[in-house]
Amino acid sequence: MDELREQRHRIRSLMQYGAPENELEAAQDLLVIFRDDRIALMVLEEFYSYLPDAAEDWIKEVRLVARQHGVFLLAAVTSQDSYLYLVSSEGIEFHGSLLDGYLDNQLLGFFGFADSDSFKEAGQDPENFPLYQSLQGDIDVCPACHAGTGEVHELGCPVEVCPWCGGQLIGCSCRFEQLEQDQMVGEQDLLRFSELLNEKGRIAYSPEQRPSFADDGPGIVQQ
Ligand SMILES: [Zn+2]
Ligand SMILES: [Zn+2]
């Protein structure tokens with residue numbers, strides 16, 4: 001929680017320099033909307049740290065261009081342009097202007113776009129994409145690893161349900177029984193366990209797995 005507060009603080013200061021004075025208040029509204037949303041806060045911090053056109057500008061809204069597992073392709077719609085950011089809990093990458101619509105083939109494929117032309121065409125109007133909703137409120141997204149409904153959790157996600165006992169996968173002792181040893185040491189064990197898990201069949205995320213504490217406040221739900 002403190003970490004998020006510090007991040008909002010940094011963004012607020014960056015905005016003083018980055019956003020035009022008469023739009024500062026409107027710019028700050030997004031800080032309130034996304035106050036507990038790490039993904040959106042990363043976009044705000046990245047944008048105001050490295051203003052893409054090196055001129056005063058501000059983000060009016062954030063749109064969800066695509067999402068696959070915990071990886072988001074977001075458009076920061078500003079007063080001048082719309083900028084693409086690839087964001088996950090691992091970090092953030094700037095991908096240029098949405099209007100230019102340049103995305104490498106690997107990413108186009110990953111997000112399921114037919115080809116670069118259709119992506120570019122869709123990008124001509126940011127309103128073709130829905131507004132990005134804060135993750136904490138979206139029941140179709142795992143609050144910890146950001147897997148969508150029907151998608152497999154990131155290994156190690158505290159929300160993942162154990163297919164052997166129905167308990168919390170990182171909390172139960174099935175991993176020791178399955179590996180037939182008392183402890184897990186190193187990557188080898190982890191890989192072997194992940195294979196066993198895939199053979200058994202992993203339980204994908206669904207909204208009823210949301211821990212009740214996820215709604216009680218931020219800070220606990222993130223990894
Ligand atoms: Zn998860
Ligand atoms: Zn278990």
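What's counted below: heavy atoms across the whole structure, side chains too, no hydrogens, waters or symmetry copies. Keep in mind that this is a model prediction, so the values were computed, not measured. Atoms within a ligand are numbered from 1 in the order they appear, just like the ligands themselves.
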Exercise for review: Salt-bridge test for Asp29 and Lys60: reply yes if a basic N is under 4.0 Å from a carboxylate O, no otherwise.
Suggested key: no
**Study point:** Aromatic plane relationship, Tyr85 with Phe94 - under 30° parallel, 30 to 60° tilted, over 60° perpendicular
**Key:** tilted
Exercise for review: May I have the angle between Cys165 SG and Cys162 SG with its vertex at the Zn ion (ligand 2), rounded to 10°?
Suggested key: 110°
Check your understanding: Quick one: do the Tyr132 and Asp37 side chains pair a donor with an acceptor below 3.5 Å?
Key -> yes
Check your understanding: From the Zn ion (ligand 1) out to just under 2.8 Å, does an N/O/S atom of Cys157 turn up?
Key -> yes
Exercise for review: For the Zn ion (ligand 1), find the closest N/O/S atom belonging to His153 and write down its atom name.
Suggested key: ND1
Check your understanding: What angle sits at the Zn ion (ligand 2) between SG of Cys174 and SG of Cys172, to 10°?
Key -> 110°
Review point. Tyr83 vs Phe47 aromatic rings, parallel, tilted or perpendicular, using cut-offs 30° and 60°?
Key: tilted
